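Just so we're clear, the structure is a prediction, and the values are computed from it rather than from any experiment. Within every chain, numbering begins at 1; the chains are lettered A, B, ... in the order of the sequence lines, protein sequences first and strands thereafter.
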There are 2 protein chains.
Amino acid sequence: MFSKACQYGIRSVIYIWKQSLNNNKVGAKEIAEHVDAPEPFTAKILQELVRKKVIGSMKGPTGGFYVDKAHEKFTLKDLVVAIDGPGLFEGCSLGLNQCSETNPCPLHTEVKVVRTHILHMLTAKSLKQLAEEVESGETVLARFI
Amino acid sequence: MFSKACQYGIRSVIYIWKQSLNNNKVGAKEIAEHVDAPEPFTAKILQELVRKKVIGSMKGPTGGFYVDKAHEKFTLKDLVVAIDGPGLFEGCSLGLNQCSETNPCPLHTEVKVVRTHILHMLTAKSLKQLAEEVESGETVLARFI
DNA sequence: ATATTAAAGGATATTTTTGTCCTTATTATA
DNA sequence: TATAATAAGGACAAAAATATCCTTTAATAT
């Protein structure tokens with residue numbers, strides 16, 4: 001469903017949110033360790049998410065990645081689109097470019113239903129809310145950190 | 001959602017079913033042309049689907065790929081699992097190996113719902129039924145063939 | 001029997017994704 | 001202002017997915 005890059009990205013951003021709830025900026029190394037992802041690759045992904053404004057970053061000592069009020073509106077969908085592109089939500093699932101409402105592929109109507117549910121899953125909660133659920137112990141990120 | 005190999009596989013198998021409804025075996029070349037997929041790659045995918053018994057094949061003149069009564073029970077899920085593996089249905093969507101019912105990742109319960117719908121989409125109809133819908137013009141495969 | 005046809009199989013090439021490393025730019029603080 | 005810390009950026013490496021080509025095997029028709 002999600003590429004590895006996207007999985008690392010999701011895990012990382014939830015971790016960043018969790019730390020930012022306690023007003024801590026976090027470095028790429030710490031993030032990668034805590035979400036169990038390869039550090040340089042994770043750093044690249046975070047770079048991209050900064051470019052797409054899903055998270056913020058600061059260089060220098062005491063710098064790192066962070067989120068604040070400006071990022072509260074973002075959901076998993078924004079993150080997924082930023083990394084994997086819109087393919088999960090748009091285009092023919094069978095790769096037919098002629099596929100359309102009037103010319104539907106064999107999966108067309110069924111895929112619409114599934115996409116509705118995927119969209120709901122990825123937009124019902126903000127990334128901040130997901131981090132709060134980890135903070136409260138309701139859900140768990142990575143290996144019991 | 002599906003790899004390219006899987007997309008080609010789905011398109012090919014529906015085409016094979018469509019031809020088999022009219023008692024025609026079809027060669028890899030014809031299939032690839034009609035579903036607009038690269039021929040040698042498609043041949044490899046079909047090979048794998050033969051090994052997994054989703055379709056049948058015969059060598060020699062008048063040979064080709066075909067399906068019959070023995071293949072009527074198969075659904076898209078069988079095909080997808082044969083090519084892409086069970087990743088769409090199983091395992092943590094965020095790649096966390098500690099994720100479980102008692103230790104759920106931030107997406108765990110939502111993904112379960114989505115997977116239910118994906119599973120329904122891929123098992124509600126047999127591959128034969130999908131081909132019949134193409135045959136009747138209800139749905140369309142590839143470029144208006 | 002032999003020739004022909006088509007799938008099967010193996011080796012190889014290309015592209016994309018994943019992953020690493022090194023240098024540069026920016027910021028904080030001593 | 002110099003130093004240290006950290007993200008940004010670019011070049012490179014490895015692995016996986018996608019795609020091609022050539023040889024072998026099996027079946028049919030003549």
Quick check for you: among [options], whose closest atom lies nearest to any side-chain atom of [X]?
X: Pro61(B); options: dT4(C), dT27(C), dA8(D); answer: dT4(C)
X: Ala28(B); options: dA29(D), dA7(C), dA28(C); answer: dA7(C)
X: Ser57(A); options: dA7(D), dA7(C), dT18(D); answer: dA7(D)
X: Phe41(B); options: dT4(C), dA8(C), dT18(D); answer: dT18(D)
X: Lys59(A); options: dA28(C), dT6(D), dT28(D); answer: dT6(D)

Name the nucleic acid region contacted by [X], choosing base, sugar-phosphate or nothing; use a 4.0 angstrom heavy-atom cut-off, strictly under.
X: Lys44(B); answer: base
X: Pro40(A); answer: base
X: Ala43(B); answer: nothing

Most 5' of Lys4(A) and Gly27(B) on DNA chain C, judged by nearest nucleotide: Gly27(B)
Within 6.0 Å of NZ in Lys53(B), more than 12 heavy atoms from elsewhere: no
Is Lys25(A) atom NZ crowded by more than 12 heavy atoms from other residues, nucleotides or ligands, each under 6.0 Å away? yes
Whole-Å distance between [N] [atom2] and [X] [atom1]?
X: Gln7(B); N: dA17(D); atom1: CD; atom2: P; result: 15 Å
X: Ile55(B); N: dA7(C); atom1: CD1; atom2: C1'; result: 11 Å
X: Lys25(A); N: dA5(D); atom1: NZ; atom2: P; result: 17 Å
X: Asp84(B); N: dA16(D); atom1: CG; atom2: P; result: 16 Å
X: Phe2(B); N: dT18(D); atom1: CZ; atom2: P; result: 14 Å
X: Gln47(A); N: dA11(D); atom1: CD; atom2: C1'; result: 13 Å

side-chain contact (heavy atoms from CB on, under 4.5 Å), paired with Leu76(A), selected from Val13(A), Thr123(A), Leu130(A): Leu130(A)
What do the steps show when you test Glu101(B) against His108(B) for side-chain contact (heavy atoms from CB on, under 4.5 Å), and what is the final call? CA-CA 8 Å; Glu101(B) 213 54 34; His108(B) 193 82; 3.1 Å; yes
Distance-only polar pair, side chains of Thr75(B) and Asp78(B), donor-acceptor under 3.5 Å: yes
So, under a plain 3.5 Å distance rule, would you say the side chain of Glu39(A) forms a donor-acceptor pair with the base of dG19(C)? no
Can you find a side chain N or O atom of Tyr8(B) that sits less than 4.0 Å from OP1 or OP2 on dA19(D)? yes
Does a side-chain N or O from Arg51(B) land closer than 4.0 Å to OP1 or OP2 of dG9(C), or not? yes
